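No experiment lies behind these values; they were computed from the predicted model shown. Order of listing sets the numbers, starting from 1, for every ligand and every atom in it. Throughout, residue positions are numbered sequentially from 1 according to the sequence presented.
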Amino acid sequence: MIFYAWCMRLLNNAFLAAAAGVVALSLGAIDAHSQQPGGAAPASTPLAPPPPPQSSRLFERFAVAADHPLASQAGAEILAKGGNAVDAAVATSFALSVVRPFSCGIGGGGFMLVFLKAHPHLAVDPKGEFFALNYRETCPAAIGPDFYEKLGEGAVAAARTGAKAVGVPGTVAGLLTALEKWGTMDRATVLAPAIRLAKEGFVADAAYAKAAITELKPRFERNPEWKTRFAFTWKRYLHEGTLAAGDRIDVHEQAAAFELIARDGAAAFYTGELGAAIVETVTKDGGVMTAADLAAYAPADATPLRFAFDGAEVATMPPPSSGGMAVAQSLLFLEQVGARRVIETHPTEPGGYRPQYVHLLTEAFKHAFADRSRWLGDPAVVKIPLERLVSREYIRERAARFRPTGTLESSAYGTYPEGEAPPAEALPEDHGTSHLSVVDAFGNAVACTETINLEFGSLLAVERFGFLLNDQMDDFTTVRGKPNAFGLLQSDRNLPAPGKRPLSSMSPTIVVRAGEDGIARVQIVAGASGGSRIITGTTQAILNAMLFGCSSGEAVGRPRIHHQWMPNVLEIESGYPGTHNGLDSALWMRKLHHEVKTPKSTPNVQLIQRVRTAHGEQWDAASDPRKGGAPAGE
Ligand code: DON
């Protein structure tokens, strides 16, 4: 209770700080306008960025938390029209394709986790049912296990930039399949907000400017030939390197893509005009994806990974997400070693994390990432003993290895498939992902994470239709023994093969809890972007809400830690709360033999939870303040 009060106080302070920011930004806006009689700014003058809307809010009936305010509003618009959570998630995702072009879009792929309790046409178990849809990109038929290795020195670059990096996109098929299976509205209705946004364009915010200018522009400067090769990206998305927050981005061509999708469905993308434009674009840049690859694409139904944690039921994404398994293993490890007791009994400053808890969490992540590295791949191609990997018996054995006063040898984390060589080590980071959480007025929920992989994906745009193609091929083990862009070491189980899907860290997760009537109700909907940090970010936000009683704003806003087993480094975000005997967490962890550093970036989490307030039960929805998103709802 005291801790909850502390969280609320911190949150209030955050609101005050945000409000101060709003005032400062509004004054900036007044200033800009005062130079122009009538308030009209000349086309060449960037408008002051709009004040950031509140990153967390309470809602009575329904809520959408996306990582861009306009995308959340697109979803809320659909919910206000009577749509369900799936209709809203689809509308939000199409809107994100416009306003978060560096994160996701129709040239990418994703995972959707659905909790359905009520539907006007489907016979749904009123106790609630979970569904999962895997619309991750697939490997083109011409790419086999040694395709990249044969490129020699150019292998890593080819898997990350340009046409050879592009996996067959899954987002359009995935969204339309979800809409047909579990939605209630037609394509035109859910696409309307995205069509409007594409026609209007949107204003670049701070997160956009960071991805475009701080992160991507230096790559263009190091490779000046890209300015011609990826001319659309350089001109439209970076304004030839001059872009600043507040500039308007024009991607009106994407409206034509959406209109074709609204008219002809997935066929427009996979066998129609859009598909032809994709193949032409990829071929021109030396890629190998064909019309047959696109025509063969189909999303895959998946069985959600479900487990009990802290008296609730958690559902998350199964492989080829590694995120679900890693979130499950981490939470189960914490339960097994009695994290709740540790939190309640060891002293630290109010609202801080106990060093013992930080140590437990770190060790949980190390085991989970070690198993991720060695066991996982596309379940359609490799055999994964998933049930065993998340069984209590298996977790109990690893909990028994836990040492309160130190760490283990790297090789002692996780387990090895018999007869398979362990992968070696490394780490960097990025922005090509977006997570959205939705709850509707009927008791349904959607957690959906989508990605084009690195910021602005492969940088290759389908110019006629104004969208970017992913560089998801880098999520495969493209060169054996070498880590991918996120420093993740992966085994041969994740080698590319025709039609195969690369391993992903995306971890859309829904927690439900049975009430006194025995009926499950949505408690938390969460997920994140941020490469390998998706897993640790999602887990910590859920723990903050469930074990620490934080509000949603606080659960996603608090500084976090990250450890991915290899490299053997513990990242502690600056401002990480909690000291004990005058020592902060970094010092404590060093005492326990962890190598500690401050991360360059952290994941972005969107979380909605059911809370009891003075006005009864409400939805507390939060978008991660680090990316500038804001929830919407009613
Ligand atoms: O699926 C994955 O795990 C990666 N493609 C995710 C990339 C990502 O999150 C980039 N950053 N925000």
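Set against the non-hydrogen atoms of G432, the atoms of ligand 1 under 4.0 Å away are 10 (C), 11 (N), 12 (N). Near I534, meaning under 4.0 Å from any of its heavy atoms, are these atoms of ligand 1: 9 (O). In the vicinity of S505, heavy-atom distances shorter than 4.0 Å reach the ligand 1 atoms 1 (O), 2 (C), 3 (O).
For F230 and W226, the ring centers sit closer than 6.0 Å to each other.
For ligand 1, the polar-atom distance check against G531 finds a nitrogen or oxygen pair separated by under 3.5 Å.
By the 4.0 Å N-to-carboxylate-O rule, D301 lies close enough to K181 to be salt-bridged with it. The pair D474-R160 meets the salt-bridge criterion, with a side-chain N (NZ, NE, NH1 or NH2) lying under 4.0 Å from an Asp/Glu carboxylate O. E573 has no carboxylate O lying under 4.0 Å from a charged side-chain N of R533, or vice versa, which leaves the two without a salt bridge.
For the side chain to side chain contact (heavy atoms under 4.5 Å, CB included) test with W375, the passing option among P417, S491, P319 is P417; the others fail.
Contacts between D475 and ligand 1, counted as non-hydrogen atom pairs separated by less than 4.0 Å, involve the side chain only. Under 4.0 angstrom from ligand 1, the non-hydrogen atoms of R136 all belong to its side chain. Using a 4.0 Å cut-off between heavy atoms, N453 contacts ligand 1 through both its backbone and its side chain. Heavy atoms of L503 found under 4.0 angstrom from ligand 1: none, in either backbone or side chain.
Between E455 and ligand 1 there is no heavy-atom distance shorter than 4.0 Å.
Taking all heavy atoms of P603, P502, S504 into account, the minimum distance to atom 1 (O) of ligand 1 is reached by S504.
Counting only N and O atoms by type, the side chains of H562 and T536 include a donor and acceptor under 3.5 Å apart.
Judged by the 6.0 Å and 45° rule, R372 forms no cation-pi pair with W565.
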